[in-house]
Undergrad: 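My structure is below; once you've seen it, I'll send some questions.
Atoms within each ligand, like the ligands themselves, are counted from 1 in listed order. Quick caveat: nothing in here was measured; it's all calculated off a predicted structure. Keep in mind that the numbers below use all heavy atoms, side chains included, and drop hydrogens, waters and symmetry copies. In what follows, residues are counted from 1 in the order of the sequence shown.
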Amino acid sequence: MEKILKNFFLFMGKNKAATKMAKKYGLRFGAGRFVAGASLQSSIDVIRKLNAEDLYVTIDHLGEFVDNEQEAKEMTDHCIEAVKGIAENNLNSQLSLKLTSLGLDISRELVLSNMKRLLAAAEEYDVFITIDMEDEARCQATIDILKELRSEYENIGTVLQAYLYRTVADIQDLDSYNPNLRLVKGAYKESPSVAFPEKKDVDENFKKIIKMHLLNGNYTAVATHDDNIISYTKELVKEHNIPNDQFEFQMLFGIRVERQRQLRDEGYKMRVYVPYGNDWYGYFMRRLAERPANVAFVLKGVFGK
Ligand SMILES: Cc1cc2nc3c(=O)[nH]c(=O)nc-3n(C[C@H](O)[C@H](O)[C@H](O)COP(=O)(O)OP(=O)(O)OC[C@H]3O[C@@H](n4cnc5c(N)ncnc54)[C@H](O)[C@@H]3O)c2cc1C
């Protein structure tokens, strides 16, 4: 049953018509538990609260299915506004984004020029940018763009997904760029021809890539809510004397909030990924797919408390 629900939510998350409809009607169905709000100001308010609790942040202006140059330009302008907002309010936050929202599916030239415009502003305001990883079909293009940008800019990193067979090779391939990488299990529906279908294999590969990237001496963000992976990371860094400033834990806004504070109290750097914006639907569907138990919140949103 859980698998059926997971596939259903992943399928719904890819539905363009539903995405456009959801934008019109604003945050619904309990999505506010996982999304800071519709405006940049709402995310700034959330960052301020989290920073006051010694939690680090990365904000993500939600945007999917951008299919024309004008929309990609507007998304880039918005990201630049966000970077300025972070700096002008003295907030401790990075920015995460999806390359498709800056024009990846339109042309390589467009996404590169938008990224360079953003990175120039981010460098000026000293804000780090992480390129989220999308589905496997876009993985190579994302890595190629990261490599190109990394040769010019320091303040850029990306994400690798443990469920893909290719990721061990990508960790090795990217090592010479000394990238700051966020490592995750992976959130999209992928075919068994490209991704491990079994959770236990994903978990094993997750541990393997965390170890590789840390022992290569690179900065590593371990982004997970999974206690097994968190314990593994803690033991690994202890065993190899890896300092606390070479890695951090990351979790999503609204998920395992108590655990986030516990890790902070244990002295680890804990970063919260805070999404905001009108385009909340695809993100929300992926969160439901990860944990169908969250459907209870949706039902409350639909039928009242
Ligand atoms: C900061 C961050 C950034 C991410 N960026 C990307 C990205 O760029 N690309 C991408 O594909 N994916 C991304 N993801 C999503 C990621 O790939 C996974 O889909 C997601 O994190 C779920 O996997 P998990 O490691 O938390 O483990 P899971 O196996 O999903 O969960 C492990 C355990 O965590 C606990 N848990 C999970 N959810 C809850 C909850 N709501 N309440 C209480 N306990 C819970 C449960 O005990 C569960 O068994 C990101 C995740 C994070 C945290």
Undergrad: Does any N/O atom on Ala223 come nearer than 3.5 Å to any N/O atom on ligand 1?
TA: no
Undergrad: Under 3.5 Å, N or O to N or O, is Tyr273 touching ligand 1 that way?
TA: no
Undergrad: Within the 4.0 Å heavy-atom shell around Leu252, which atoms of ligand 1 are there?
TA: 1 (C), 2 (C), 51 (C), 52 (C), 53 (C)
Undergrad: Is there a polar contact between ligand 1 and Tyr188, counting only N or O atoms under 3.5 Å apart?
TA: no
Undergrad: Nearest to atom 32 (C) of ligand 1 by heavy atom, Asp226, Thr158, Ile229: which?
TA: Asp226
Undergrad: Restricting to non-hydrogen atoms, name the atom on Ile145 and the atom on Arg108 that form the minimum distance, rounded to 0.1 Å.
TA: CG1-NH1, 3.7 Å
Undergrad: How are the rings of His61 and Tyr276 set relative to one another: parallel (under 30°), tilted (30 to 60°) or perpendicular (over 60°)?
TA: tilted
Undergrad: When rounded to the nearest 0.5 angstrom, what distance separates CG in Leu149 from CD1 in Ile129?
TA: 10.5 Å
Undergrad: Please compare Val257, Val222, Val184, Ile131 and report which has the shortest non-hydrogen distance to atom 4 (C) of ligand 1.
TA: Val184
Undergrad: If hydrogens are left out, which of Glu136, Glu258, Gln250, Lys185 has an atom nearest to atom 29 (O) of ligand 1, that is, the closest non-hydrogen atom?
TA: Lys185
Undergrad: Could you see which bit of Arg271 sits under 4.0 Å from ligand 1, with heavy atoms only: side chain, backbone, both or neither?
TA: neither
Undergrad: Is the ring centre of Tyr268 less than 6.0 Å from the ring centre of Phe249?
TA: yes
Undergrad: Ignoring angles and geometry beyond distance, decide whether Gly186 reaches within less than 3.5 Å of ligand 1 through its nitrogen or oxygen atoms.
TA: yes
Undergrad: Quick one: look at Val159 and ligand 1, take heavy-atom pairs under 4.0 Å, and tell me if it's side chain, backbone, both or neither.
TA: side chain
Undergrad: Does the cation-pi check pass for Lys269 over Tyr56, that is, NZ or CZ under 6.0 Å from the six-membered ring centre and within 45° of its axis?
TA: yes
Undergrad: Would Lys199 count as a contact of ligand 1 if the rule is a heavy atom under 4.0 Å away?
TA: yes
Undergrad: Judged on heavy-atom distance to atom 8 (O) of ligand 1, which of Gln161, Met133, Lys98 sits nearest?
TA: Met133
